[in-house]
Amino acid sequence: MNYFSPTGGHPEQQQLLTGRAVVKDAYTVIPQGVMQDIVTSVLPEFTRTRSWILARPIAGFTSTFAQLAVEISPGGGSDAPEPQPNVQGVIFVTAGAPSLSFQNKTHQLSPGSYFYYAPGENWQIKNETEQLVSFQWIRKAHELLEEPPSSFLSHDNEVTPQAMPHTDGKWSTSRFVDSDDLRHDMHVNIVTFQPGASIPFAETHVMEHGLYVLQGKAVYRLNDDWVEVEAGDFVSMRAFCPQACYAGGPQPFRYLLYKDVNRQVRL
Ligand code: UGY
Ligand code: MN
């Protein structure tokens, strides 16, 4: 497995400014080349850390989540990363080996590590190594049913991908929480396509998506456009944005996918 992480930098003045970044009514594409030094945000809860905030609630667009690419330099991190007690989240490590503490234990993570923290969880993340740490961070205000979900740690390697019907496993989904567990109101899964595999219809659904390409490339259908995407690109999709894709190869096409699920619509 390999996972793309942005590394920042700054373009030369000779570079053409034409690129693939676009904001449309139904979707936004932030290509990896946009994640440069001058578009980073400092997070007040962290030291020696910068972030690319890729999604936030915007009126008339996605409204349920925030997503960040975070980079912690050696010696940096946070004792209280999540500032909002009603917010849950997922950390997916794309580079380096952060130390993660929760429930009185400290774990050394690795690329592919997946941490779900429940609302109100007390957790810490630090970079005690000499290398950079990078992770995707997805946050959502939790809508409580009867029982809150519990925090857990997992890894891409520990989850058996579930084949989608009629695909011989060429399109599969690694599910980190049981789809029937209604305590969860967000899913953050990894979707994998072998070269040539496709989503064969324009999915059009109430759920929003944050989609971060971990590996490979594809042509993605977003509303009425066909858009080429590659590792490191980020796409957000509004509710009911029609979506499908063909995976290009030569590597598998893999992405981390946020989806809001399991709740009645509030009116
Ligand atoms: O589950 C999903 O909504 C998923 N199949 N969507 C996607 O990959 N764009
Ligand atoms: Mn979908």
Side-chain angles (χ1 to χ4, degrees), residues 1 3-4 20 22-32 54-55 61-67 90 92 94 114 116 136 138 140 143 154 156 159-182 184-249 251-265:
M1 308 288 184
Y3 310 106
F4 190 97
R20 292 177 297 118
V22 70
V23 175
K24 298 267 187 144
D25 290 347
Y27 70 90
T28 292
V29 180
I30 304 180
Q32 46 126 310
L54 301 169
F61 191 59
T62 58
S63 59
T64 60
F65 73 106
Q67 185 156 347
V90 165
F92 183 80
T94 56
Y114 182 113
Y116 168 79
Q136 287 288 308
I138 296 132
K140 179 186 187 300
E143 267 188 66
S154 183
D156 190 9
V159 175
T160 307
Q162 293 171 13
M164 301 299 280
H166 318 302
T167 65
D168 292 332
K170 292 190 170 122
W171 169 19
S172 63
T173 306
S174 305
R175 298 184 196 281
F176 292 85
V177 300
D178 184 348
S179 305
D180 295 331
D181 186 347
L182 297 188
H184 286 278
D185 68 349
M186 71 188 272
H187 286 163
V188 177
N189 293 327
I190 295 178
V191 186
T192 303
F193 299 86
Q194 299 308 318
S198 65
I199 297 180
F201 76 111
E203 290 182 14
T204 306
H205 50 60
V206 68
M207 305 85 164
E208 300 179 347
H209 282 317
L211 185 165
Y212 176 76
V213 183
L214 297 166
Q215 185 185 357
K217 65 174 182 176
V219 188
Y220 224 97
R221 168 77 191 270
L222 294 163
N223 199 7
D224 49 0
D225 297 322
W226 285 100
V227 178
E228 228 181 339
V229 296
E230 64 176 339
D233 291 353
F234 177 77
V235 180
S236 43
M237 292 173 230
R238 204 200 70 167
F240 304 110
C241 174
Q243 58 201 258
C245 67
Y246 285 105
Q251 299 176 6
F253 173 53
R254 304 191 81 216
Y255 51 80
L256 189 69
L257 187 72
Y258 159 84
K259 186 171 181 174
D260 51 310
V261 293
N262 295 339
R263 293 294 182 272
Q264 181 53 285
V265 177

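The analysis underlying the following values was restricted to heavy atoms, covering all of them including side chains, and did not include hydrogens, waters or symmetry mates. Remember, it's 1-based here, ligands and their atoms both numbered in the order they're listed. Not measured: the values here are computed from a predicted model.
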Q) Just checking, any donor-acceptor pair under 3.5 angstrom between side chains of S236 and E208? A) no
Q) Which atoms of ligand 1 have any heavy atom of I199 under 4.0 Å away? A) 7 (C), 8 (O)
Q.
Pairing donors with acceptors under 3.5 angstrom, does anything connect the side chains of D225 and Y220?
A. no
Q.
Can you see whether Y258 engages T64 through a side-chain donor-acceptor pair at a distance of less than 3.5 angstrom?
A. yes
Q.
Any salt bridge linking D233 with K217? Criterion: basic side-chain nitrogen under 4.0 Å from a carboxylate oxygen.
A. no
Q) Is the closest basic N to carboxylate O distance between K140 and D185 below 4.0 Å? A) yes
**Q.** E203, any N or O under 3.5 Å of ligand 1 N or O
**A.** yes
Q: Considering only non-hydrogen protein atoms, determine which one is nearest to atom 1 (O) of ligand 1 and report residue, atom name and distance to 0.1 Å.
A: K259 NZ, 2.7 Å
Q: Determine whether the side chain, the backbone, both or neither of L257 has a heavy atom under 4.0 Å from any heavy atom of ligand 1.
A: side chain
Q) Can you give the angle E203 OE1 - the Mn ion (ligand 2) - H209 NE2, rounded to 10°? A) 170°
Q) Is Q243 close enough to the Mn ion (ligand 2) to have an N, O or S atom under 2.8 Å? A) yes
Q. Does one side chain, of Q162 or R175, offer a donor that lies under 3.5 Å from an acceptor on the other?
A. yes
Q: With heavy atoms of H209 as the reference, note each atom of ligand 1 found under 4.0 Å away.
A: 2 (C), 3 (O), 6 (N), 7 (C), 9 (N)
(Q) For a side-chain contact (heavy atoms from CB on, under 4.5 Å) check, start with the C-alpha distance between Q136 and L54, then their side-chain angles and the critical distance, and finish with the verdict. (A) CA-CA 10 Å; Q136 287 288 308; L54 301 169; 4.0 Å; yes
Q: From atom 7 (C) of ligand 1, work out which of Y255, Y258, F193 has a heavy atom at the shortest distance.
A: Y255
Q. Which ligand 1 atoms does Q243 reach within 4.0 Å, using its non-hydrogen atoms?
A. 6 (N), 7 (C), 9 (N)
Q.
Taking a cutoff of less than 4.0 Å between a non-hydrogen atom of the residue and any ligand atom, is H187 in contact with ligand 1?
A. no
